[in-house]
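Order of the sequence lines fixes the chain letters, A, B, ..., with proteins taken first and strands second; residue numbering starts at 1 for each chain.
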Number of protein chains: 2
Amino acid sequence: MGNRPGNRSTPAKERQLSPVDGLAQLSFLIHRLLERRAGEHELSIIQTRLLGVLRDRRPTISELGKLLDLDKSSVSGLVERAERRGLVTRDPSPTDGRSVLVRLTGHGRSLVSEASSQFGADVFTLLNLLSPTDRRELSRLISRMLVAHAADHGIDLFPTIEAEPGTD
Amino acid sequence: MGNRPGNRSTPAKERQLSPVDGLAQLSFLIHRLLERRAGEHELSIIQTRLLGVLRDRRPTISELGKLLDLDKSSVSGLVERAERRGLVTRDPSPTDGRSVLVRLTGHGRSLVSEASSQFGADVFTLLNLLSPTDRRELSRLISRMLVAHAADHGIDLFPTIEAEPGTD
DNA sequence: TATTGTTATACTCTATAACTATA
DNA sequence: TATAGTTATAGAGTATAACAATA
């Protein structure tokens with residue numbers, strides 16, 4: 001996908017990727033950046049996402065399944081491997097004897113904070129390839145498109161959160 | 001990642017994601033679109049990429065490894081599973097007795113063409129959430145950023161290809 | 001000697017199905 | 001009965017290391 005040019009017009013001035021190729025390649029690039037930074041901390045993308053959602057939540061396994069769009073058995077294994085590495089803990093729920101509450105450890109929190117801020121720096125570097133004007137414009141357009149897409153799917157991109165205070 | 005708003009300014013007019021969150025969320029969204037379309041044809045993203053690069057190439061295992069950024073042993077398994085499904089063939093190289101040449105079958109070609117055009121339609125739908133002007137501008141900026149990034153890394157985004165004629 | 005590809009091995013990630021314990 | 005979580009099982013995907021065949 002995105003391996004052929006497919007641009008009929010070549011205005012010599014500035015060659016351009018097709019819109020589809022551009023979005024696809026951008027997506028792969030960002031994905032690789034995240035993968036690389038996570039990998040530096042021995043984290044996979046899904047482990048990073050797990051730690052990420054735990055930064056301001058203390059969910060059950062089922063809730064994690066909904067948040068990460070995974071089967072509960074997949075979450076069970078994911079959490080088990082994270083727990084074995086000392087990144088999260090599993091405590092019995094005080095209100096429901098069937099549930100467990102998953103929580104970040106200090107080590108887990110510092111890992112995800114590092115990976116996350118390094119990834120942010122990577123994206124920043126990428127954006128800095130554009131002029132300040134272009135950069136602002138790109139962010140505005142992406143945001144506008146995502147907001148419209150979220151609205152189409154009944155998702156609120158700007159929820160009022162009532163979570164525990166973050167420590168990072 | 002990207003689970004907290006982190007927007008201090010809320011200009012009531014049009015709320016905006018931070019640049020980093022915007023790019024990250026856009027990347028995940030595109031990734032999910034591709035995953036969904038590929039999945040409808042029982043393809044993973046990596047299988048789809050494999051078929052994608054084979055649309056206009058007949059590479060060796062090693063070349064595929066470079067193209068997909070995978071170890072040759074990983075490519076070996078990937079191609080083996082694709083071959084088992086009748087999506088690719090493996091022929092001995094006529095010029096190097098150690099190499100094999102991997103090629104798309106008609107079935108593989110039609111699968112990747114379908115997935116690819118459906119994915120294209122998805123991206124089109126997404127872009128259509130913007131006005132024509134915004135859409136053109138977004139594509140232009142993304143392309144410009146990717147071209148600059150590629151240049152930074154010594155990659156030619158617009159290679160002159162000398163491949164076999166595509167059949168799709 | 002170096003390169004190409006395969007195989008053995010090990011691990012992560014994922015889902016389905018069967019199970020236990022609790023509600 | 002229904003839900004929460006674990007476990008068994010199966011398979012894709014990945015890498016490292018060892019190997020055979022060829023260059």
Student: Scan B:S93 against the nucleic acid and name what it touches under 4.0 Å (heavy atoms): base, sugar-phosphate only, or nothing.
Tutor: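 B:S93: no heavy atom of the nucleic acid under 4.0 Å.
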Student: Can you give me the bend angle of the helix from C:dT1-D:dA23 to C:dA23-D:dT1? Use the axis through the first five pairs and the one through the last five, nearest 10 degrees.
Tutor: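 For the helix from C:dT1-D:dA23 to C:dA23-D:dT1, the axes at either end differ by 10°.
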Student: Rounded to the nearest 0.5 Å, how far apart are CG of A:L33 and OG1 of A:T125?
Tutor: 9.0 Å
Student: Under 3.5 Å, which N/O atoms of the protein pair with N/O atoms of nucleotides 1-3 of chain D?
Tutor:
unit_1	atom_1	unit_2	atom_2	d
D:dT3	O4'	A:R98	NH1	3.4
D:dT3	O2	A:R98	NH1	2.9

Student: Output the distance between atom CG (B:L127) and atom CG (B:D122), rounded to the nearest 0.5 Å.
Tutor: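 The CG atom of B:L127 sits 11.0 Å away from the CG atom of B:D122.
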Student: Please report the distance, rounded to the nearest Å, between CG in A:L64 and P in D:dT6.
Tutor: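 Rounding to the nearest Å, CG of A:L64 and P of D:dT6 are 11 Å apart.
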Student: Taking A:V100's backbone N and O only, do any of them form a donor-acceptor pair with A:S93's side chain (distance below 3.5 Å, no angle check)?
Tutor: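 No: the side chain of A:S93 does not pair with the backbone of A:V100.
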Student: Under a 4.0 Å threshold between the charged nitrogen and the carboxylate oxygen, would B:R32 count as salt-bridged to B:E35?
Tutor: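 No salt bridge links B:E35 with B:R32.
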Student: Can you tell me how the ring of B:H31 sits relative to the ring of A:F28, calling it parallel under 30°, perpendicular over 60° and tilted otherwise?
Tutor: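 Answer is perpendicular, since the angle exceeds 60°.
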Student: Let me know the distance between CD of B:E35 and P of D:dA12, rounded to the nearest Å.
Tutor: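 The answer, rounded to whole Å, is 16 Å.
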Student: Write down the protein N/O and nucleotide N/O pairs, taken from nucleotides 6-13 of chain C, whose separation is under 3.5 Å; answer none if there are no such pairs.
Tutor:
unit_1	atom_1	unit_2	atom_2	d
C:dT6	OP1	B:R90	NH1	2.7
C:dT6	OP2	B:S76	OG	2.5
C:dT6	O5'	B:S76	OG	3.4
C:dC13	OP1	A:S44	OG	2.2
C:dC13	OP2	A:Q47	NE2	3.1
C:dC13	OP2	A:R81	NE	2.9
C:dC13	OP2	A:R81	NH2	3.3

Student: Please collect all ring-ring contact (aromatic ring centres under 6.0 Å, His included) contacts where either partner lies in residues 50-87 of chain B, sequence neighbours excluded, each pair once.
Tutor: none
Student: Measuring from atom CG of B:L23 to atom OG of A:S139, what distance do you get when rounded to the nearest 0.5 angstrom?
Tutor: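 So the CG of B:L23 and the OG of A:S139 are separated by 6.5 Å.
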Student: With rounding to the nearest 0.5 Å, note down the distance linking OG in B:S131 to CG in A:L141.
Tutor: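 One gets 8.0 Å once the value is rounded to the nearest 0.5 Å.
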Student: Can you run down the salt bridge (charged side-chain N to carboxylate O under 4.0 Å, His left out) pairs that involve residues 130-141 of chain A, sequence neighbours left out, and say none if there aren't any?
Tutor: A:D134-B:R144, A:E137-A:R140
Student: Show which side-chain atoms of residues 62-71 of chain B pair as donor or acceptor with protein atoms under 3.5 Å away, not counting sequence neighbours.
Tutor:
unit_1	atom_1	unit_2	atom_2	d
B:E63	OE1	B:T60	N	2.9
B:D71	OD2	B:S73	N	2.9
B:D71	OD2	B:S73	OG	2.7

